[in-house]
Amino acid sequence: HGAPAGNLKAKVESKLVPINTTFDRLKDYEFDDPARRYSAQPQVLFDGNLNADGQASFPMKMNQESGNLPGKMRADFRIRAIEKGGDFSEDNFSNTYDPFTSYAGVSMPRNRYGSKTIDVGKDGNIDLVLVDTEGRPISGRSLSVGLYQVDWSWWWETNNGNLGKFNSSTHFNALDTVRVTT
């Protein structure tokens, strides 16, 4: 907008924010990992000068370990062009960021109160699905599934902070483990 920004200093920052991973046809499924918490500070993606035409290009490297993300993310971008006098123009926008190529979803049965639960010592069915980033089912993939008992305090409406111990590919403390193929 405005005058050409040739040779001006520019800075591009990004911050990832967790969003709810949902797919229209699979509303009963949970795709976000409740054992993973994520918060981050903005990271600088570019800090340099624009060329004579007011353009720059740089690699998009998001500094995070995708294995620690709970699901889909929103990437918030802040772009500033700094004028020679010190004033700057700024633009902000957001895009959805898929840190994974596929998402595993689980659908739990509901009890008579509408809570998603399976009572200890009783049979119950858990539905699983594996989908791509658009929510299309993926077949023929092997999944490792662990079943855990989560302590829940109805009074505090919390899981007593113990979900972190379930965030493991080794299924530490699992009541049962099984491999399934989608």
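Every value quoted in this text rests on a predicted model; they were computed, and no experiment measured them.
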query: Which heavy atom of F23 sits nearest a heavy atom of G135, and at what distance?
result: CD2-CA, 3.3 Å
message: How long is the straight-line distance from OH of Y103 back to CG of D33, given to the nearest 0.5 Å?
response: 12.0 Å
- prompt: So if you build clusters from Ile, Leu, Val, Met, Phe, Trp, Tyr with side-chain heavy-atom gaps below 4.5 Å, do M73 and V12 land together?
  reply: yes
field: Intermediate values then yes/no, side chain to side chain contact (heavy atoms under 4.5 Å, CB included), I126 and M108
entry: CA-CA 5 Å; I126 300 171; M108 299 284 292; 4.0 Å; yes
message: Using the rule side chain to side chain contact (heavy atoms under 4.5 Å, CB included), only one of T22, V129, N20 pairs with F31; which is it?
response: V129
- prompt: Is a donor on one side and an acceptor on the other found under 3.5 Å between the side chain of S14 and the backbone of A75?
  reply: no
- request: Determine, using the 4.5 Å side-chain heavy-atom cutoff (strictly less than), whether I19 and L26 are members of one ILVMFWY cluster.
  value: no
field: Check: T21 side chain, K72 main-chain N or O, donor-acceptor pair, under 3.5 Å
entry: yes
field: Inter- and intrachain pairs under salt bridge (Lys or Arg N to Asp or Glu O under 4.0 Å), touching residues 13-25, at least two apart
entry: E13-R78, E13-R80, D24-K27
F93: partners by ring-ring contact (aromatic ring centres under 6.0 Å, His included), with sequence neighbours left out: F77
task: Quick one: pull up CD1 in I82 and CG in L50 and give me the separation to the nearest 0.5 Å.
output: 9.0 Å
query: Checking side chain to side chain contact (heavy atoms under 4.5 Å, CB included) against L130, which of S102, S139, S142, P137 comes through?
result: S102
- line: Closest non-hydrogen contact found for P70 with Y38 is CD-CB, 3.9 Å
task: Measure the spacing between CG of N51 and CG of N7 and express it to the nearest 0.5 Å.
output: 7.5 Å
message: For D28, is there any backbone N or O sitting under 3.5 Å from a side-chain donor or acceptor partner on S107?
response: yes
message: Tell me whether N92 at atom CG has more than 12 heavy atoms from other residues, nucleotides or ligands lying less than 6.0 Å away.
response: yes
query: Is a side-chain N or O of S89 found less than 3.5 angstrom from the main chain of A81, in a donor-acceptor match?
result: no
field: Over all atoms of both residues, closest heavy-atom pair of N68 and R36
entry: O-CB, 3.7 Å
- request: Hey, could you give me each pair passing salt bridge (Lys or Arg N to Asp or Glu O under 4.0 Å) that has a residue in residues 127-138? Not counting sequence neighbours.
  value: D132-R136
statement: Taken to the nearest 0.5 Å, the spacing of T133 OG1 from F100 CZ works out to 12.5 Å
- line: When every non-hydrogen atom of Y97 is compared with those of L69, the smallest separation belongs to CE2-CD1, 4.4 Å
- request: Determine whether V44 and V17 fall in the same hydrophobic cluster, where Ile, Leu, Val, Met, Phe, Trp and Tyr are linked whenever their side-chain heavy atoms lie under 4.5 Å apart.
  value: no
field: Nearest-0.5 Å distance that lies between atom CG in N111 and atom CD1 in I118
entry: 11.0 Å
message: Just verifying a value: how many Å separate R74 CZ and T96 OG1, rounded to the nearest 0.5 Å?
response: 9.0 Å
- prompt: Taking all atoms of both residues into account, what is the closest heavy-atom pair of T182 and I138, and its distance?
  reply: OG1-O, 2.8 Å
query: Is there a path from V178 to L147 through hydrophobic residues (I, L, V, M, F, W, Y) whose side chains come within less than 4.5 Å of each other?
result: yes
query: Of all heavy-atom pairs between A56 and F46, which one has the smallest distance, and what is that distance?
result: CB-CZ, 3.7 Å
